[in-house]
A.B. asks: 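Take this structure, written in structure tokens, and hold onto it; I'll ask about it next.
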Amino acid sequence: MKISRIDQYAPKIRTRLIKITTDNGLEGWGETTLEGKPKSTWAAVEELADYLIGKDPLTIEHHWQHIYHSAFFRGGNVLMSALAGIDQALWDIAGKYYEVPAYKLMGNSTRDRIRVYAHWGIEDLTEQGLERSRDRLEHLQKNGYTAFKSGIAGKWRPHEPPSRIDQFVKTAYMMREWVGDDVDLFFDFHGKMTPSLAIEICNEIKGMRPGFVEEPIPQENKDSLEIVSRAVPFPIATGERLLSRWEFREILESNSVAFIQPDVAHCGGISELRRIASMAEVYYVHVAPHCAIGPVAFSSCLQVDACTPNFFIQEQVDAGLGNGLLQSDWVVKDGYIELPKGHGLGINIDQDAACRTLEFEGPELGGDEWFHEDGSVADW
Ligand SMILES: [Mg+2]
């Protein structure tokens with residue numbers, strides 16, 4: 001069996017897909033969506049296709065090593081996202097070839113079902129804002145969710161007055177009151193805080209018992225994260241913007257996080273997510289894979305979640321369930337998704353919906369222009 005063609009598609013906003021086809025007609029799908037740099041990753045896949053055409057798709061590890069090591073300049077989010085999509089597609093082919101879900105080729109399942117969380121929060125305290133939040137919560141609970149994560153709205157300067165902080169703290173406590181004590185609530189600071197502001201806010205919300213705060217500060221400086229972690233009385237999570245084992249090594253060795261969140265579409269694919277999770281196990285760190293894009297990346301996460309002993313919970317945005325690209329959507333029940341049963345990634349792509357490339361206007365994949373009131377650049 002040989003790889004005979006590689007195609008790319010952009011069928012939806014925030015969704016870039018790769019399809020690898022073999023000479024005996026198997027098709028493997030992967031997702032290469034890279035927020036802010038979609039054209040760069042598209043070009044990287046085209047370059048890598050020259051190497052892959054004519055090769056055996058089943059030597060996944062060998063191709064991963066070749067793609068990672070053959071370029072003198074390694075890593076970076078463009079190459080790693082392209083490699084991630086290719087790796088997903090090769091695991092999809094392998095599962096279809098051996099007629100099993102991909103996780104069965106990685107030691108089989110370590111659990112019976114996969115816990116997921118949805119995005120929900122209280123963005124503003126106006127009457128309309130509260131009504132929107134209540135409606136969304138009701139909708140999600142009706143659809144089986146028992147765990148939620150909220151972002152932290154707006155731009156944040158190095159210092160904010162008490163009224164700004166108090167408003168966020170009030171919403172956090174209100175969320176706990178609305179859902180009760182049996183529900184997991186997480187917060188994502190999106191790397192928008194300085195260490196001192198993050199420590200101040202985390203200490204203010206500790207009484208509502210968050211499961212973790214994600215990216216309390218930007219991801220580049222693990223020493224600063226260690227300072228935050230030591231001063232915060234509940235778990236810290238990070239890692240959606242870290243790539244490969246080599247970037248996770250430093251975070252793990254600093255013992256500053258309880259949860260890591262590698263992204264299967266950026267960190268190097270199913271193969272690398274699995275290896276990062278194994279490294280984390282040594283540090284008693286659990287894995288909550290990041291996934292804020294489309295259903296192919298989400299389905300790839302489920303394969304790793306199924307066979308990873310130190311898996312904690314899977315992030316899921318609404319688009320991850322299917323978004324019109326799968327013949328049938330993933331279903332959440334009592335907070336869980338059943339183990340995938342289909343071969344490969346366990347999905348059947350809707351070819352009519354997926355095999356097309358639309359033009360999108362504006363900063364469709366992040367990288368928006370976002371400034372403070374004095375004109376300086378803000379983290380978004
Ligand atoms: Mg995040």
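All ligand and atom numbering here is 1-based and tracks the order in the structure.
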A.B. asks: Give a yes or no answer on whether the side chain of His63 reaches the backbone of Asp56 with a donor-acceptor pair at less than 3.5 Å.
C.D. replies: yes

A.B. asks: Would you name the N/O/S atom of Glu240 that lies closest to the Mg ion (ligand 1)?
C.D. replies: OE1

A.B. asks: How far does CD1 of Ile60 sit from NE2 of His62, to the nearest 0.5 angstrom?
C.D. replies: 13.0 Å

A.B. asks: Compute the angle centred on the Mg ion (ligand 1) spanning OD2 of Asp188 and OE2 of Glu214, and express it rounded to 10 degrees.
C.D. replies: 90°

A.B. asks: Does a side-chain N-to-carboxylate-O contact under 4.0 Å join Glu61 and Arg275?
C.D. replies: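 A salt bridge links Glu61 with Arg275.
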
A.B. asks: Please find out if the Mg ion (ligand 1) and some N, O or S atom of Glu215 are separated by less than 2.8 Å.
C.D. replies: no

A.B. asks: Counting backbone and side-chain atoms alike, does Glu315 have an N/O/S atom under 2.8 Å from the Mg ion (ligand 1)?
C.D. replies: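 Coordinating: no.
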
A.B. asks: With a distance cut-off below 6.0 Å to the six-membered ring centre and an angular limit of 45° from the axis, does Arg134 pair with Trp178 as a cation-pi contact?
C.D. replies: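 Satisfied, under 6.0 Å and within 45°.
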
